[in-house]
There are 2 protein chains.
Amino acid sequence: MGIEKSMMTVDEFIDRFCAVVRERGLRLTNQRIAVVRHFFQQGHHVTVDSLYQLVLKEHPQIGYATVYRTLKLLVECSLAQTHQFDKNRVCFELYEEHEHHDHIICVECSKIIEFEHAEIERLQDQVAEDHGFLLTTHRMELYGICPDCQKKA
Amino acid sequence: MGIEKSMMTVDEFIDRFCAVVRERGLRLTNQRIAVVRHFFQQGHHVTVDSLYQLVLKEHPQIGYATVYRTLKLLVECSLAQTHQFDKNRVCFELYEEHEHHDHIICVECSKIIEFEHAEIERLQDQVAEDHGFLLTTHRMELYGICPDCQKKA
DNA sequence: CTGATTGCAAACCGTTTGCATATCA
DNA sequence: TGATATGCAAACGGTTTGCAATCAG
């Protein structure tokens, strides 16, 4: 029922990042690598703030702006993608080509579950086609109460 | 393929608003009525700013805050609902019980098409159930290029 | 060396809030 | 008359930006 998670290691991820950085003639800094590493290690659905707090322990001088800029860079390089589950805060997750999934979010504890559903995707494509749209992306989020929170209540 | 739009008239809508306002012991002001009327007349998917600009012509003294507060009131009364198609700006549309629909948004011209799809809804319920979630709401948005914009390109 | 990057603080921008004044019931 | 609503301006909070100092290549 779940989704196969990435088999990539931190090092592989950082290598990919370094490759893109080199390719673009950008520079590799300790701050960037720290942000990228923590981003990957935290796993999915990271908040800018949570990442900032983490990196801070290693780089007491790092600024919010650097974290923002590095995450933005990751997105530009197709190594990360953003989600807007709640309107106040963006969250970032790993981007992996050919691995589209959607989310179920618990409205009580904010837990996020990922799922794939080929049939829904197919029907969405169909709907777009029926309206003559050339589909570029979509967003589907289910909000509800997770099993744990149901027990608590 | 489209959706049957509301048959409600402006006056009926305003009447409903007045009823709720009375019911809650709130007060009916010219500003509120103006906002509510323009909201309804604009049809779906209204931005706070666009509404503010409209009402301004009638009430040169009205403030943004009043428009915001009135729209918030409409949402509380289940006469309106919000959507967050683009992360910077909320937009409001009419809320009608038992009339759930989703949206296809043109990424070029921002045109919004509504659609209903019982089978997708059913599958979404299924997915939630499979993960033990008690579904409360969902959001599904398709983004693409509309027929008009395809022709232009 | 020198152009990219950083950290800081200030700007941004949509939204919300505090408060004195005006208004509805 | 008395509580509610308004308009204004200031606050908020996440995000972005300008800039001088720093650093990677």
Side-chain angles (χ1 to χ4, degrees), chain A residues 14 17-36 38-39 45-77 80-92 110, chain B residues 14 17-39 45-53 55-77 80-92 110:
Chain A
I14 294 181
F17 176 69
C18 295
V20 188
V21 161
R22 239 175 281 122
E23 200 175 295
R24 299 193 173 203
L26 302 177
R27 288 176 186 177
L28 227 45
T29 62
N30 295 331
Q31 292 94 321
R32 279 186 175 164
I33 291 180
V35 170
V36 169
H38 278 108
F39 165 70
H45 310 123
V46 184
T47 267
V48 177
D49 191 65
S50 66
L51 211 48
Y52 171 70
Q53 299 299 339
L54 273 175
V55 180
L56 208 53
K57 294 176 190 163
E58 247 172 64
H59 291 264
Q61 291 309 318
I62 203 167
Y64 252 93
T66 301
V67 180
Y68 268 101
R69 290 190 272 227
T70 305
L71 285 169
K72 196 176 171 188
L73 179 57
L74 281 176
V75 172
E76 281 165 15
C77 303
Q81 60 185 315
T82 59
H83 290 290
Q84 190 87 32
F85 295 131
D86 104 71
K87 78 168 181 185
N88 303 318
R89 229 194 271 124
V90 185
C91 89
F92 292 77
S110 299
Chain B
I14 294 181
F17 176 69
C18 295
V20 187
V21 162
R22 239 176 282 121
E23 200 175 294
R24 300 195 172 201
L26 302 178
R27 290 176 183 174
L28 227 47
T29 63
N30 296 330
Q31 292 93 321
R32 279 185 175 165
I33 292 180
V35 171
V36 169
R37 180 161 35 77
H38 278 108
F39 166 70
H45 310 122
V46 185
T47 266
V48 176
D49 190 67
S50 67
L51 211 48
Y52 171 71
Q53 299 300 339
V55 180
L56 207 54
K57 293 177 190 163
E58 247 172 62
H59 291 263
Q61 292 309 318
I62 203 167
Y64 253 92
T66 301
V67 179
Y68 268 101
R69 290 191 272 229
T70 305
L71 286 169
K72 197 177 170 188
L73 180 55
L74 281 175
V75 172
E76 281 167 15
C77 302
Q81 60 186 314
T82 58
H83 289 290
Q84 189 88 32
F85 296 131
D86 103 71
K87 78 167 183 185
N88 302 317
R89 226 194 273 123
V90 184
C91 90
F92 292 77
S110 299

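None of the values given here were measured: they were computed from a predicted structure. By convention in this document, chain letters (A, B, ...) are assigned in the order of the sequence lines, proteins followed by strands, and residues within each chain are numbered from 1.
- B:Arg89 CZ: 12 or fewer foreign heavy atoms inside a 6.0 Å radius.
- The CD-P distance, from A:Gln61 to C:dC8, rounds to 5 Å in whole Å.
- For the side chain to side chain contact (heavy atoms under 4.5 Å, CB included) test with A:Val36, the passing option among A:Val55, A:Leu74, A:Leu71, A:Val21 is A:Leu74; the others fail.
- What separates OH of A:Tyr52 from C1' of C:dC8 is a distance of 11 Å, to the nearest Å.
- Checking B:Cys91 against A:Asn30, the closest nucleotide of DNA chain C that is more toward the 5' end is the one next to A:Asn30.
- Along DNA chain D, the nucleotide nearest to A:Arg27 and the one nearest to B:Arg32 differ in position, and the one closer to the 5' end is contacted by B:Arg32.
- Comparing B:Pro60 and B:Lys87 by the nucleotide of DNA chain D whose heavy atom lies nearest to each, the residue mapping closer to the 5' end is B:Pro60.
- Using a 4.5 Å heavy-atom cutoff, the side chains of A:Thr70 and A:Phe39 are not in contact.
- Look at A:Gln31 and you'll find a side-chain N or O under 4.0 angstrom from OP1 or OP2 of C:dG7.
- For the pair A:His45/A:Phe85, a side-chain contact is recorded, criterion being any heavy-atom separation below 4.5 Å from C-beta on.
- Taking every nucleotide of DNA chain D with any atom under 4.0 Å from a non-hydrogen atom of chain A, the first and last of them, 5' to 3', are D:dG14 to D:dG25.
- A straight line from CD of B:Gln84 to C1' of C:dC13 spans 13 Å, rounded to a whole angstrom.
- Non-hydrogen atoms lying under 4.0 Å from DNA chain C are contributed by A:Arg69, all within residues 67-77 of chain A.
- Counting heavy atoms from C-beta outward, A:Glu76 and A:Leu73 have side chains that approach closer than 4.5 Å.
- The phosphate of C:dT23 has neither OP1 nor OP2 within less than 4.0 Å of any side-chain N or O from B:Thr29.
- Among residue pairs with one or both ends in residues 52-67 of chain A, those qualifying as salt bridge (Lys or Arg N to Asp or Glu O under 4.0 Å) are A:Arg37-A:Glu58; sequence neighbours excluded.
- Contact of the B:His59 side chain with the B:Asn30 side chain is registered, since non-hydrogen atoms from C-beta on lie closer than 4.5 Å.
- Nearer the 5' end of DNA chain C, as judged by each residue's closest nucleotide, is the contact made by A:Thr66, out of B:Ala65 and A:Thr66.
- Not a single donor-acceptor pair under 3.5 Å links the side chain of B:Arg32 to the backbone N or O of B:Val67.
- Put simply, the side chain of A:Cys91 does not reach to within 4.5 Å of the side chain of A:Gln84, judged on heavy atoms.
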